[in-house]
**Student:** 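Quick one: the structure is below, questions incoming.
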Amino acid sequence: MKDYNLTIISNNQIARDVFKTEFSCQEQLPSFIGGQFLHLQVPCKILRRPLGILEMTANYCSIVYAVVGEGTRILSKMKKGDCLKAMLPLGNGFVLPKTYKKVALLGGGLGVVPLLPVINTYPEIEFCSYMGFKSRDDVILYDEFNKLSKKICFTTEDGSFGSCGFSIDALKDDLETNNFDAVLVCGSIPMLKEVKKANFKIPVYVSMEERMGCGVGACLVCTCQVKKGNNIENLRVCIDGPVFKLDEVAL
Ligand SMILES: Cc1cc2nc3c(=O)[nH]c(=O)nc-3n(C[C@H](O)[C@H](O)[C@H](O)COP(=O)(O)OP(=O)(O)OC[C@H]3O[C@@H](n4cnc5c(N)ncnc54)[C@H](O)[C@@H]3O)c2cc1C
Ligand code: FES
């Protein structure tokens, strides 16, 4: 997998503890599909950090990330003109059948990031977006989802932005009246467990997060258990995923 030299063109805080970094690249960047990620070499850190690709064109790409530890803290302090290496695009992304016409996107917190580019990946599909956050200070990418989605529902747990409650409940309310072909989910493990429990009776695809070493299938750091028929297989989130069918993954 190729390593690209990226140069920061902007690095701005867009919500509480959340930053958007935009990069330019002198080399031509490849195409990607929503749900794929890059593996970023942050200064002073041996292990790279996996982050979803938000946008990527020939000489430009962007990411949105929460500052949760050392690596993302260092990244958030980097300036315009600073350079980093990134392997990209990694993982399978959301690969959808050509027959799909209407799909629901269900995101929680930073889990909304890999869902946004799926809309541009499949211009022929109608997307309805259900995105949940704790509070208005945590809300990200509202304008972007609003511009691209057929229907949008943003929720906050305290009701300070959009509807009060959880995005999964907003989706449940709409499931009866909309003929969704599938639901694509990305969020916390408790949220994924709720989705599994809800048993939507249509295909549900989930983007999983696991700690990673190599990012390219060699080290087996990132394995998760996936049910294939009657067997349980250990699959690598970096290369077999990060997107799996929800009913196949052990949470
Ligand atoms: C496929 C994929 C896509 C992701 N996309 C995004 C995104 O778009 N935006 C975003 O904010 N976060 C995303 N994450 C989570 C992100 O990788 C972690 O928040 C980040 O690596 C934390 O690094 P740190 O050094 O700040 O934290 P530390 O806790 O200091 O990290 C220590 C080690 O644990 C790893 N680690 C810690 N938390 C996670 C985690 N949740 N998932 C995987 N590895 C972790 C780090 O990479 C590092 O190797 C994604 C994770 C995966 C697997
Ligand atoms: S991170 Fe090495 S196999 Fe997935």
Side-chain angles (χ1 to χ4, degrees), residues 32-37 52-54 64 91-134 139-142 144-157 162-210 224-228 235 237 240-251:
F32 84 113
I33 69 169
Q36 288 189 297
F37 64 99
I53 300 169
L54 182 68
V64 166
N92 56 358
F94 288 96
V95 180
L96 304 181
K98 284 200 166 65
T99 50
Y100 282 4
K101 292 190 167 52
K102 193 171 185 183
V103 167
L105 302 177
L106 177 63
L110 267 291
V112 311
V113 175
L115 296 174
L116 183 69
V118 177
I119 305 179
N120 282 329
T121 304
Y122 298 99
E124 68 287 357
I125 295 178
E126 211 168 75
F127 287 96
C128 297
S129 301
Y130 303 84
M131 303 296 146
F133 303 87
K134 278 199 161 34
V139 172
I140 52 172
L141 304 176
Y142 176 80
E144 291 82 348
F145 276 105
N146 197 26
K147 191 170 143 203
L148 296 172
S149 310
K150 174 78 179 165
K151 180 191 168 167
I152 184 174
C153 180
F154 269 49
T155 63
T156 47
E157 289 171 31
S163 312
C164 184
F166 295 98
S167 50
I168 183 176
D169 295 322
L171 170 60
K172 277 180 191 164
D173 290 345
D174 279 4
L175 269 179
E176 293 262 300
T177 47
N178 286 271
N179 236 353
F180 292 125
D181 293 299
V183 181
L184 316 187
V185 196
C186 189
S188 65
I189 294 292
M191 176 182 166
L192 300 182
K193 285 184 173 165
E194 282 301 310
V195 177
K196 206 163 198 177
K197 212 165 76 187
N199 190 12
F200 288 152
K201 300 204 167 64
I202 50 175
V204 180
Y205 300 84
V206 58
S207 180
M208 298 292 291
E209 280 189 15
E210 279 296 339
C224 74
Q225 294 201 318
V226 176
K227 207 171 137 206
K228 293 280 175 196
L235 296 188
V237 170
D240 303 311
V243 177
F244 298 97
K245 286 199 172 144
L246 182 64
D247 57 3
E248 292 180 351
V249 287
L251 294 174

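These numbers were taken from a predicted model, which means no experiment stands behind them. One is the number of the first residue; the rest follow in order along the sequence.
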**Student:** So which of I189, V185, I168 actually passes side-chain contact (heavy atoms from CB on, under 4.5 Å) with E194?
**Tutor:** I168

**Student:** One pair to check against side-chain contact (heavy atoms from CB on, under 4.5 Å): K228 and L235. What are the steps and the verdict?
**Tutor:** CA-CA 10 Å; K228 293 280 175 196; L235 296 188; 4.1 Å; yes

**Student:** Whether the side chain of K101 engages the backbone of N179 through a donor-acceptor N/O pair (distance < 3.5 Å, no angle test) should be reported.
**Tutor:**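 A pair under 3.5 Å: no.
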
**Student:** Please name the pair of heavy atoms, one in Q36 and one in G91, separated by the smallest distance, quoted to 0.1 Å.
**Tutor:**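 Minimum heavy-atom separation between Q36 and G91: NE2-O, 2.8 Å.
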
**Student:** How long is the span from the CG atom in L246 to the OG atom in S207, to the nearest 0.5 Å?
**Tutor:**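 The distance works out to 11.5 Å.
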
**Student:** Could you go through the side-chain contact (heavy atoms from CB on, under 4.5 Å) check for F154 and F145 one step at a time?
**Tutor:** CA-CA 10 Å; F154 269 49; F145 276 105; 3.9 Å; yes

**Student:** Can you name the nearest heavy-atom pair linking M191 to G107, along with the distance?
**Tutor:** CE-C, 3.7 Å

**Student:** Look at the side chain of D181 and the backbone N and O of V103, then say whether any donor-acceptor pair between them is shorter than 3.5 Å.
**Tutor:**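 Answer holds: no.
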
**Student:** Can you find a heavy atom in the side chain of M131 that is under 4.5 Å from one in the side chain of L141?
**Tutor:**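 No, every pair of side-chain atoms sits at 4.5 Å or beyond.
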
**Student:** I need the E126 CD to N178 CG distance, nearest 0.5 Å.
**Tutor:** 8.5 Å

**Student:** For residues P114 and F37, determine if any side-chain heavy atom of one lies less than 4.5 Å from a side-chain heavy atom of the other.
**Tutor:**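 Side-chain contact under 4.5 Å: no.
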
**Student:** How long is the straight-line distance from CD1 of I125 back to CD1 of I119, given to the nearest 0.5 Å?
**Tutor:** 10.5 Å

**Student:** For V243 and V95, what are the C-alpha separation, side-chain angles and deciding distance, and is it a side-chain contact (heavy atoms from CB on, under 4.5 Å)?
**Tutor:** CA-CA 8 Å; V243 177; V95 180; over 6 Å; no

**Student:** Would you say the rings of F94 and Y205 are close, in the sense that their centroids are separated by under 6.0 Å?
**Tutor:** no

**Student:** Keeping the roles fixed (side chain from T121, backbone from G34), state whether a donor-acceptor pair exists under 3.5 Å.
**Tutor:**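 Pair found, side chain donor or acceptor close to backbone of G34.
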
**Student:** In terms of heavy-atom contacts, does CD of E176 have more than 12 from other residues, nucleotides or ligands at under 6.0 Å?
**Tutor:** no

**Student:** Any donor-acceptor pair under 3.5 Å linking the side chain of Y122 with the backbone of L96?
**Tutor:** yes

**Student:** With rounding to the nearest 0.5 Å, note down the distance linking CD1 in I152 to CD in E144.
**Tutor:** 9.5 Å

**Student:** Is it the case that the side chain of S167 and the backbone of L106 share a donor-acceptor pair, with hydrogens and angles ignored and the cut-off at 3.5 Å?
**Tutor:** no

**Student:** Where do V237 and C224 come nearest, in terms of heavy atoms and distance?
**Tutor:** CG2-SG, 3.8 Å

**Student:** Which is it for V204 and D247 under the side-chain contact (heavy atoms from CB on, under 4.5 Å) test, yes or no, and what are the steps along the way?
**Tutor:** CA-CA 7 Å; V204 180; D247 57 3; over 6 Å; no

**Student:** Where is the tightest heavy-atom contact between V64 and L110, given as atom of each residue plus distance?
**Tutor:**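 Where V64 meets L110 most closely, the heavy atoms are O-CD1, 3.9 Å.
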
**Student:** Can you check whether L175 reaches F200 side chain to side chain, under 4.5 Å on heavy atoms?
**Tutor:**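 A side-chain contact under 4.5 Å exists here.
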
**Student:** How far apart are the closest heavy atoms of A170 and C153, and which atoms are they?
**Tutor:** CB-SG, 3.6 Å

**Student:** Calculate, to the nearest 0.5 Å, the distance between atoms OH and CG belonging to Y130 and L115 respectively.
**Tutor:** 13.5 Å

**Student:** Are P242 and N92 close enough that some pair of their side-chain heavy atoms sits under 4.5 Å apart?
**Tutor:** yes

**Student:** Ignoring hydrogens, what is the shortest heavy-atom contact between G109 and F133? Give both atom names and the distance.
**Tutor:** O-CE2, 3.7 Å

**Student:** Once rounded to the nearest 0.5 Å, what's the spacing between atom CE of M208 and atom SG of C186?
**Tutor:**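 Between M208 CE and C186 SG, I get 9.5 Å after rounding to 0.5 Å.
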
